[in-house]
Protein chains: 2
Amino acid sequence: MKTLSERQQLILSFIEEFIEEHDYPPTVRDIQHGCGISSTSVVSYNLDRLKDSGALSRDSEVSRGLKLAGQKGGSSGPVSIDTVAVPLLGTIAAGSPFPMPENDTWSDLTGQELIDLPQAIIGTGDGLYALKVRGESMIDALICDGDLVIMEQTSTVRNGQMAAVRIKSDNSTTLKHYYAEGPRTRLEPANPLMEAMTFNSDDVEVLSRVVGVWRYLG
Amino acid sequence: MKTLSERQQLILSFIEEFIEEHDYPPTVRDIQHGCGISSTSVVSYNLDRLKDSGALSRDSEVSRGLKLAGQKGGSSGPVSIDTVAVPLLGTIAAGSPFPMPENDTWSDLTGQELIDLPQAIIGTGDGLYALKVRGESMIDALICDGDLVIMEQTSTVRNGQMAAVRIKSDNSTTLKHYYAEGPRTRLEPANPLMEAMTFNSDDVEVLSRVVGVWRYLG
DNA sequence: ATAATTTCCGAACATTAGTGCGGATATAAT
DNA sequence: ATTATATCCGCACTAATGTTCGGAAATTAT
């Protein structure tokens, strides 16, 4: 049996993910653009090759007439270790109020979406929660749309740590590196190309500490 | 909530059986003939009613763009908290050569530092490796010093995915969103405030795909 | 090198398939 | 009955989508 070309494997994995996302197969043109192929005929050609090799079946003259043959291969044998489940409490977006765990929220986590993180890198996971970032409002913090921010609810952070802080006079909330310097508090964006700002310490309220950021590019 | 008409229930069950048989949803006309309806517009009308009632979702202007509400992904088993161990191969810094897994590196992982990541968000973990970022040379990619970049060794990525690409004429390597557009290839920084650049496709070599970024602020 | 084969390209082309519209028909409310 | 609402009918229109074809380019075999 002929081995699949790189492009054919790419197409195959694209189809798989497309179905995973949409619950229906892609069109020839979906594949074309998704895989950066210049012509629909090339897609059609490779689909026929894939059909020949038995990797999929194809209904002629039917839009989205694709069916993967070798569905999900059984997962090999992932090593099981301890993980910590962290509740996904909501999303942050520019302007929207900053979601915070509340007393009853903690006790009633039923139905909450949970994010599993390895204990090895997270620690005990006590008091941790996750927020999903919406929009590009946190570019300054090197955080973009879709990122998952892991936070620890605390009102005290050490200098240099990143925290969700509220500027009372603005009633705005941002993620910044925190530096208490006596009566003044300096907030420094993660992006070193951007300028820091200082406020009266009274004006700055620490909401949570940022423990980690997870960006998944599937 | 309105109760479904007989015809709507018929359509619903037809869609269900059709998907069962073909693995892709029917067209409006498939439904028309399958349910003995005289006009496509009647089908379209009832599909909209079914959408209103939440029985299914419909992608506009998309052939077979149907998804039954009660169906979601594959088998929903018990949530496993398995993790996958990913080898930490080295560090990336500005100017330094981009570390890549080599043949013997793969076979001899003894003593390699391993990073555990949840299988739930990483997948099988096949062909994955991790690199630690040194320095601020990747600010454009919203990646900063200390970040852990999870990569998959592949030379083919789909449009829109982020990848480690080498510009041959520069002999430089960066992380960019990749868009193959025929003879030209567009590389787009993750930071939407920055401009994209295009190169001759010959001049661009894909080294690895970026699967995820983990930033730990302990 | 030369020829054979595979793969790719671009541009039509032809069918498939979703949508819109005027009007008919039924069903329910007033 | 009369109005309102929901459903249906055909038909035409347009967008979506699979296919074809001549030729170029890359790969492999002789």
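Proteins come first, then strands; the chains are lettered A, B, ... in the order of their sequence lines, and each starts at number 1.
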For the side chain of [X], counting heavy atoms from C-beta on, which of [options] is nearest?
X	options	answer
B:T27	C:dC9, C:dA17, D:dT17	C:dA17
B:R64	C:dA12, C:dC9, C:dA17	C:dA17
B:Y45	D:dC8, C:dG10, D:dA12	D:dC8
B:V62	D:dT17, D:dC9, C:dT19	D:dT17
A:I37	C:dC9, C:dG18, D:dT17	C:dC9
A:S63	D:dT17, D:dT7, C:dT19	D:dT17

Within this structure, what is the [atom1]-to-[atom2] distance between [X] and [N], rounded to whole angstrom?
X	N	atom1	atom2	result
B:Q8	D:dC8	CD	C1'	12 Å
A:Y24	D:dA16	OH	C1'	12 Å
B:L47	D:dA6	CG	C1'	16 Å
A:D59	D:dT17	CG	P	16 Å
B:D48	C:dC21	CG	P	14 Å
A:Q32	C:dA11	CD	P	12 Å
A:L56	D:dG18	CG	P	13 Å
B:R29	D:dA15	CZ	C1'	12 Å

Any base atoms under 4.0 Å from A:V42, or only sugar-phosphate, or nothing? Heavy atoms, all strands. base
Base, sugar-phosphate or nothing for A:N46? Non-hydrogen atoms, less than 4.0 Å. sugar-phosphate
Salt-bridge test for B:K168 and B:D203: reply yes if a basic N is under 4.0 Å from a carboxylate O, no otherwise. no
If each of A:S5 and B:G65 is mapped to the nucleotide of DNA chain C with the nearest heavy atom, which maps nearer the 5' terminus, i.e. the 5' end? A:S5
Tell me whether the OP1 or OP2 atom of [N] has a side-chain N or O from [X] closer than 4.0 Å.
X	N	result
A:R7	C:dC9	yes
A:R58	D:dT17	no
B:S39	D:dC8	no

Which donor-acceptor pairs under 3.5 Å do side chains of residues 56-65 of chain A form with protein atoms, sequence neighbours excluded?
unit_1	atom_1	unit_2	atom_2	d
A:R58	NH1	A:D48	OD1	2.9
A:D59	OD2	B:Y24	OH	2.2
A:S63	OG	B:S63	OG	3.1
A:S63	OG	B:R64	NE	3.0
A:R64	NE	B:S63	O	2.5
A:R64	NE	B:S63	OG	3.0
A:R64	NH1	A:P25	O	3.1
A:R64	NH1	A:D30	OD2	3.4

Closest approach of A:A55 and A:L12, non-hydrogen atoms and distance? CB-CD2, 4.0 Å
Could you tell me which non-hydrogen atom of B:Q161 sits nearest to which non-hydrogen atom of B:R209, and how far apart they are? OE1-CD, 3.1 Å
Among A:V213, A:D147, A:V149, find the one that has a side-chain contact (heavy atoms from CB on, under 4.5 Å) with B:R215. A:V213
Examine the base of D:dT19 for any acceptor or donor lying under 3.5 Å from a partner atom in the side chain of A:S60, and report the outcome as yes or no. no
Can you find an N or O donor on one side and an acceptor on the other, under 3.5 Å apart, linking the side chain of A:S41 with the base of D:dG18? no
Residue mapping more 5' on DNA chain D - nearest nucleotide basis, A:E61 or B:R49: B:R49
Taking only residues two or more places apart in sequence or in another chain, which ones pass salt bridge (charged side-chain N to carboxylate O under 4.0 Å, His left out) with B:E205? B:R166
Parallel, tilted or perpendicular, as decided by the 30° and 60° cut-offs, for the rings of B:H22 and B:F18: parallel
Bend angle of the helix from C:dA1-D:dT30 to C:dT30-D:dA1 from five-pair axes at both ends, rounded to 10°? 30°
Mind checking whether B:S208 and B:E152 have side chains closer than 4.5 Å, heavy atoms only? no
